[in-house]
Chemist: 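Let me begin by handing over the structure; questions about it come next.
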2 protein chains.
Amino acid sequence: MKPSENKILAAAHDLFREYGYNGTSMKRVVEASALTTGSVYHFYPGGKVELAAAVIVEAGGAYQKLFEQVLDGCPTVLVGLETLFQQGGVMLASTDYIDPCPIGGIAREVANVEPKLREACDLAFNGWIDSGTRRFIAAGLEATVARDMAMLFITTIEGGFLLARTARDPEPLLAAGRAFCAAFRSQLRR
Amino acid sequence: MKPSENKILAAAHDLFREYGYNGTSMKRVVEASALTTGSVYHFYPGGKVELAAAVIVEAGGAYQKLFEQVLDGCPTVLVGLETLFQQGGVMLASTDYIDPCPIGGIAREVANVEPKLREACDLAFNGWIDSGTRRFIAAGLEATVARDMAMLFITTIEGGFLLARTARDPEPLLAAGRAFCAAFRSQLRR
DNA sequence: GTCTATACACCGATAGAC
DNA sequence: GTCTATCGGTGTATAGAC
């Protein structure tokens, strides 16, 4: 990837997280990437939709990698999950409660309006669901329960981000995380 | 409430759900309410922000009432929760997967940009959290667990809406709902 | 690949007659 | 309370020189 392309992608990523999809103008992306309109449309001839799709693909891969790396670095999957909720809370507080996840934000905003973006978000979520399901099975959960728990994990993270940002307090994310981890523990003991 | 005011509120409610906050123009609200710019700004002199705040207050109360009524109409709280997830899935499929909750949508979109809307959403969410906590305590959960579970319930609903809309399939909401209800059941048995 | 300039539609909000 | 007309600004995207 060319350096200019990377600057555009990074600028768009940050702006979408802070102002949302419709709240971010291409002009702002141009300014934040320290380039010009012509360059941005050179790399993303499909305009704003194509740019957002690229952000979604990149962020989807990055978060899946983070999820797996944190679990790999912890003694048990349960400890890894607890760590992820903790880290999420710290990140929220240290970034002024900006949306940590452009995928969920864009999906919620334009799922019914921009089919290409909905599909890109769907792909990213499915990657997470599959990754989570595999890890939870490896941790000892029964297959169908593992998939349900993977879905619950993502809803807890996404919903927890939402409540914590709204409250400007990590507590709702941590509370939902505690309840999720208790549920995970109780499924392990069967 | 005057009939014109009601028309404006209903139109804005529907448009915010389908197109989001920034994706909804005042002009569209004017058209959808079959009134004029002057009338809309007469009832909401604070403009778009004030209108959105009114939508949030109304929807927050309506959903809290729905939550409590469904629980009241079911033999146990657990059955009530299962019913809520089921009903949510049916609603999504029958409304082309439009966002069921303008509060979560607006909060996610502008929590960092419009303090008044963030506060209105926070108030609505806190009402739900308190209501859920009370109901869960009454169902037999220990007080601190009940509050965590109330938070988890809301994150599961909001996150489940997000995943189901993105997939255009109720299944992620139902899967997360199954996992949540299993967790609730296991907390009852202590 | 990068730049400037610009086309053209739409935005939120206001003014002031009735 | 309701209406029409309109202000000033911004939106996405394109054109065409370098």
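If you're wondering where the values come from, they're calculated on a predicted model, not measured in any experiment.
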Chemist: How is Ser25(B) classified with respect to the nucleic acid when contacts are heavy atoms under 4.0 Å: base, sugar-phosphate, or nothing?
Modeler: sugar-phosphate
Chemist: Take the protein atom NZ of Lys48(B) and the nucleotide atom P of dA13(C), then report the distance between them rounded to whole Å.
Modeler: 8 Å
Chemist: dG12(C) C1' sits how many Å from Phe43(B) CZ, rounded?
Modeler: 19 Å
Chemist: Could you check how far CD1 of Ile8(B) sits from P of dT2(D), rounded to whole Å?
Modeler: 8 Å
Chemist: Does Leu162(A) offer a backbone N or O that forms a donor-acceptor pair with the side chain of Arg108(B) under 3.5 Å?
Modeler: no
Chemist: Under the 6.0 Å and 45° cation-pi test, does Lys7(A) pair with Phe43(A)?
Modeler: no
Chemist: Using the side-chain heavy atoms of Ser4(A), tell me which of these nucleotides is nearest: dT2(C), dG12(C), dT4(D).
Modeler: dT2(C)
Chemist: dG1(C) P sits how many Å from Asn6(A) CG, rounded?
Modeler: 14 Å
Chemist: Select base, sugar-phosphate, or nothing to describe what Thr37(B) touches, counting heavy atoms under 4.0 Å on all strands.
Modeler: base
Chemist: To the nearest Å, give me how far apart OH (Tyr44(A)) and C1' (dG1(C)) are.
Modeler: 14 Å
Chemist: Has His42(B) got a side-chain N or O lying under 4.0 Å from the OP1 or OP2 atom of dT2(D)?
Modeler: no
Chemist: Grab the CZ-P distance between Arg28(A) and dT12(D) for me, whole Å please.
Modeler: 11 Å
Chemist: Using whole Å, what does the distance between atom P of nucleotide dT6(D) and atom OH of Tyr41(B) come to?
Modeler: 18 Å
Chemist: Which nucleotide wins on minimum distance to the side chain of Lys27(B), given the candidates dC3(C), dT4(D), dC11(C)?
Modeler: dC11(C)
Chemist: Any idea how Phe136(B) and Phe180(B) line up, ring-wise: parallel (<30°), tilted (30 to 60°), or perpendicular (>60°)?
Modeler: tilted
Chemist: Would you call Ile157(A) and Phe85(A) a side-chain contact if the rule is heavy atoms closer than 4.5 Å?
Modeler: yes
Chemist: What does Gly47(A) touch in the nucleic acid at a heavy-atom separation under 4.0 angstrom: a base, only the sugar-phosphate, or nothing?
Modeler: sugar-phosphate
Chemist: Send over the distance from Leu15(A) CG to dG11(D) P, rounded to a whole Å.
Modeler: 12 Å
Chemist: In the structure I gave you, are the side-chain heavy atoms of Met1(B) and Leu9(B) within less than 4.5 Å of one another anywhere?
Modeler: yes
Chemist: Does Lys2(B) put a side-chain nitrogen or oxygen below 4.0 Å from OP1 or OP2 of dG1(D)?
Modeler: yes
